[in-house]
Amino acid sequence: MENSADQMVRVRFAPSPTGGLHLGGVRTVLFNYLFAKKYNGQFILRIEDTDQSRFVAGAEQYILDTLAWCGLTPDESPIHGGAYGPYRQSERKPMYKQYASQLIEQGNAYYAFDSSEELDAIRKEIPNFQYNRATRMSMKNSMSLPAAEVARLLSENTPYVVRINMPDAEELVFEDLIRGEVKFDTSMVDDKVLLKNDGMPTYHLAVVVDDFLMKITHAFRGEEWLPSAPVHILVWKNLFGLDQMPKWAHLPLILKPDGNGKLSKRDGDRLGFPVFAMDWTDPNSNETTTGFKERGFLPEAFVNLLAMLGWNDGTDQEIFSLPTLIEKFSLERVHKGGAKFDYEKAKWFNQEWIKQSDNAYLANLVAPYFEAAKIEIHEPSYLVKVIGLVKERCQLLTDFIPQSAFFFTAPTEVDTASILPKWDAPKAAFFTALIDAYAHQAVPNDATNLEAHFKTLATEQGLKPGDLMLPFRIMLVGGKFGPGVFDIVANIETKDAANRIQYCLDLLSKK
RNA sequence: GGCCGGUUCGUCUAUCGGUUAGGACAGCCCCCUUUCACGGGGCAAAGACGGGUUCGAUUCCCGUACCGGCUACCA
């Protein structure tokens, strides 16, 4: 990147605290973070809470928690502090008004006294009504009204908003780091509101003022913001000068897996996969939307899969750790086109991370799920061992429960239907003998010797060991899954194994 | 409607004018495995369309189509 050595890279993520953080949001955070860390810069979290009507309690904490879970910790934020605070826009209110006034004085903005009701009425009447240079003179504002009238309205404390005075037919050009040159004709854009009648800025004013004050050097945001770029460029030009403006990059959107359009929370509900990073409970409806974390994703996998949605390093490598991503990341390799989200591929990333994660690390993450399933773990090292045995058959952390519960408690549901068709008296006799051996004799307790013992016993009884393997497995785990049978016997006590066989024999005799 | 953006296998993508258009997920088949997985091997699957430029276009340019985003005193 062409940032000069004397200018510290500073980027920001600026969400509005209105609910859970979805995939697209976290990916925006990720790209900001990767870019900042790659250039030893700073990553700032700024809360855009300028719309009180949409404020949701707990959402800010949720955002902080999500970033912490992902390992994308901000250098500056409302709670981490920093030299450029406050980091909540609601606490910066006075600053915006000052800049709005400056724009009015310079003729780049004006007071507008039209009420929301009046505007609604007009929009109802004229379908595509735009408040712009073509219509502004017929509206109630400081451009159309005599100065004395404006002064009167102001002195009477008439509610007003401040609108940008879009110049006519001016070409606005900027260089998007991902898309290249993007041009706009100002005559096509309307007079956006900069300051609302409650004195709060809209996003259009707030981003510019805050990015300037916080010395942001690179601004990354979703592609949905591209159309409002001309507004921001104009405010930058009139307030601080274009040479001060951060470099922009508009990130591609994350799309619905089926059909088209931006991925939304509803798609997750509909298609059965998470969209939010972590569980989010709406304080008003008390409804909980599940997140990737609770679904059983590793943060490493979540970050990895997000990075690959719109970026790659040009090789066939797909598994990247956060440090490697920082090293390899480059904006030039971010795509222009949106990507449809594929939950199957997402799970594959998680499986890859489970396979390569340390068993003790996984044990820590999985323990809460066992607790929730009311499976007691007496010996932590035993869990670690079990995880090593079953990890490669788990895509999600939650899979560890069904995949390994039988190591801790005997199955109660047993798939006898899979045993019955080939079940006969000689086999029953064999297992009765096996119970006797396991319960009363000294049987070796390592997998290899257990297998040898099993086969010898079978042969002695004139049976093929292979015909006994499936029934044995089902007796031990309850179904057709799990690691090698003798690895299982070796880990549960032979006495326990004897009990399980007996339990199943009883079931079978009743059929 | 207008403005802006986008377009390679079903999906995520590689390709910096010359390739049998590569990889991964999903699918199918085989091997390994007396379960389920892991692993190994294989099959099938793509340049939206039409014009240029060029000895040569997936790649560069233009147009068309299609998809998306925006068009609030929301971000």
Side-chain angles (χ1 to χ4, degrees), chain A residues 14-18 48-51 53-54 89 112 114-116 119-120 123 127-131 159-163 176 178-179 182-185 187-190 192-204 206-207 221-230 250 252-253 255-262 305 308-319 332-333 335-349 351-352 355 390-395 399 403 415 418 464-474 476-477 479-485 488:
Chain A
S16 52
T18 54
E48 307 230 345
D49 56 349
T50 53
D51 185 3
S53 66
R54 297 213 312 161
Q89 289 182 333
D114 322 86
S115 69
S116 313
L119 289 172
D120 286 346
R123 292 204 170 95
N128 281 317
F129 175 79
Q130 295 287 294
Y131 204 120
Y160 65 84
V161 300
V162 175
R163 284 181 182 272
D176 187 287
I178 294 173
R179 288 151 214 285
V182 184
K183 291 181 194 169
F184 297 91
D185 179 351
S187 49
M188 302 313 297
V189 357
D190 57 336
K192 288 277 179 251
V193 170
L194 298 178
L195 201 72
K196 304 182 238 185
N197 72 6
D198 62 359
M200 280 291 211
T202 60
Y203 175 82
H204 306 302
V207 245
R221 48 162 40 161
E223 189 190 347
E224 71 268 29
W225 286 108
L226 206 41
S228 51
H250 290 87
L253 264 17
L255 279 11
K256 303 174 194 293
D258 62 339
N260 298 298
K262 257 201 297 190
L305 74 91
M308 301 310 287
L309 235 34
W311 176 87
N312 71 80
D313 76 338
T315 72
D316 288 340
Q317 187 176 345
E318 293 190 274
I319 303 299
E332 295 75 36
R333 293 203 63 89
H335 297 165
K336 296 182 176 74
K340 286 183 184 168
F341 178 67
D342 182 357
Y343 188 52
E344 291 307 315
K345 183 90 185 217
K347 283 192 290 190
W348 174 78
F349 277 106
Q351 184 172 24
E352 289 300 307
K355 277 194 294 187
V390 305
K391 68 198 273 191
E392 62 197 21
R393 37 214 103 214
C394 297
Q395 278 198 310
D399 291 339
Q403 285 296 335
D415 180 18
S418 294
K464 279 193 282 184
D467 294 339
L468 300 162
M469 295 293 279
L470 186 64
F472 192 28
R473 155 173 305 283
I474 292 173
L476 295 175
V477 320
K480 291 190 269 191
F481 61 94
V485 273
I488 297 169

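On a predicted model such as this, the values are computed, not experimentally measured, just so you know. Numbered from 1 within each chain, the chains take letters A, B, ... in sequence-line order. For the numbers below, each heavy atom of this structure counts, side chains included, while hydrogens, waters and symmetry mates do not.
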Among residues at least two apart in sequence or on other chains, which ones pass side chain to side chain contact (heavy atoms under 4.5 Å, CB included) with A:Asp313? A:Trp311, A:Thr315, A:Gln317, A:Phe320, A:Lys328

Who is the Watson-Crick or G-U wobble partner of B:A57, with both distances under 3.5 Å? none

Enumerate the protein-to-nucleotides 58-67 of chain B contacts in which both atoms are nitrogen or oxygen and the separation is below 3.5 Å.
| unit_1 | atom_1 | unit_2 | atom_2 | d |
| --- | --- | --- | --- | --- |
| B:C67 | O3' | A:Asn260 | ND2 | 3.3 |

What pairs meet the salt bridge (charged side-chain N to carboxylate O under 4.0 Å, His left out) rule with one or both residues in residues 337-346 of chain A, with sequence neighbours excluded? A:Glu318-A:Lys345, A:Glu344-A:Lys347

Heavy atoms under 4.0 Å, any strand shown: does A:Lys347 hit a base, just sugar-phosphate, or nothing? nothing

N/O-N/O pairs, protein side and nucleotides 72-75 of chain B side, under 3.5 Å:
| unit_1 | atom_1 | unit_2 | atom_2 | d |
| --- | --- | --- | --- | --- |
| B:C73 | OP2 | A:Arg163 | NH2 | 3.3 |
| B:C73 | O2 | A:Asn197 | N | 2.9 |
| B:C73 | O2 | A:Asn197 | OD1 | 3.3 |
| B:C73 | N3 | A:Asn197 | ND2 | 3.2 |
| B:C73 | N4 | A:Asp114 | O | 2.9 |
| B:C73 | N4 | A:Ser116 | N | 3.2 |
| B:C74 | OP2 | A:Lys196 | NZ | 3.0 |
| B:C74 | O2' | A:Asp51 | OD2 | 3.4 |
| B:C74 | O2' | A:Arg54 | NE | 3.1 |
| B:C74 | O2' | A:Arg54 | NH2 | 3.1 |
| B:C74 | O2 | A:Arg54 | NH1 | 3.4 |
| B:A75 | OP1 | A:Thr50 | OG1 | 2.8 |
| B:A75 | OP1 | A:Lys196 | NZ | 2.9 |
| B:A75 | OP2 | A:Tyr203 | N | 3.4 |
| B:A75 | O3' | A:Glu48 | OE1 | 3.1 |
| B:A75 | O2' | A:Ser16 | OG | 3.0 |

Report the base-pairing partner of B:U19 (Watson-Crick or G-U wobble, both distances below 3.5 angstrom), or none. none

side-chain hydrogen bond (donor to acceptor under 3.5 Å, both in side chains) with A:Ser187: which residues, sequence neighbours excluded? A:Asp185

P atoms of B:U58 and B:A48, separation to the nearest Å: 10 Å

B:A45 to B:G40 separation - C1' atoms, rounded to the nearest Å: 22 Å

Partners passing side-chain hydrogen bond (donor to acceptor under 3.5 Å, both in side chains) against A:Glu223 (at least two apart in sequence or in another chain): none

Mate of B:C43 where both pairing distances stay under 3.5 Å, Watson-Crick or G-U: B:G27

Which one is paired to B:G5, where only Watson-Crick or G-U wobble pairs with both distances under 3.5 angstrom count? B:C67

Phosphate OP1/OP2 of B:A37: any A:Lys391 side-chain N/O under 4.0 Å: no

Counting only side-chain nitrogens and oxygens, does A:Gln317 get under 4.0 Å of the OP1 or OP2 atom of B:G23? no

Separation of B:C70 atom C1' from A:His250 atom NE2, nearest Å, is 11 Å

By side chain to side chain contact (heavy atoms under 4.5 Å, CB included), A:Lys336 pairs with (sequence neighbours left out) A:Ile178, A:Arg179

Can you pull every protein N or O that's under 3.5 Å from an N or O on nucleotides 11-14 of chain B?
| unit_1 | atom_1 | unit_2 | atom_2 | d |
| --- | --- | --- | --- | --- |
| B:C12 | OP1 | A:Lys340 | N | 2.9 |
| B:C12 | O2' | A:Met308 | O | 3.3 |
| B:U13 | OP1 | A:Gly310 | N | 3.3 |
| B:U13 | OP1 | A:His335 | ND1 | 3.0 |
| B:U13 | O5' | A:His335 | ND1 | 3.4 |
| B:U13 | O3' | A:Asn312 | ND2 | 3.0 |
| B:U13 | O3' | A:His335 | NE2 | 3.0 |
| B:A14 | OP1 | A:Asn312 | ND2 | 3.2 |
| B:A14 | OP1 | A:His335 | NE2 | 3.0 |

Using the test side-chain hydrogen bond (donor to acceptor under 3.5 Å, both in side chains), find all partners of A:Lys391 that sit at least two apart in sequence or belong to another chain. A:Asn359

For A:Ala112, enumerate each residue passing the side chain to side chain contact (heavy atoms under 4.5 Å, CB included) test, keeping only those at least two apart in sequence or located in another chain. A:Tyr110, A:Asp114, A:Tyr131, A:Asn141, A:Val161, A:Arg163

Which of these nucleotides, B:C3, B:C25, B:G5, is closest to any side-chain atom of A:Phe184? B:C3

A:Asp316: side-chain hydrogen bond (donor to acceptor under 3.5 Å, both in side chains) partners, not counting sequence neighbours: none

Protein proximity profile, nucleotides 29-36 of chain B - base contact B, sugar-phosphate-only contact S, no contact -, cut-off 4.0 Å on heavy atoms: -----BBB

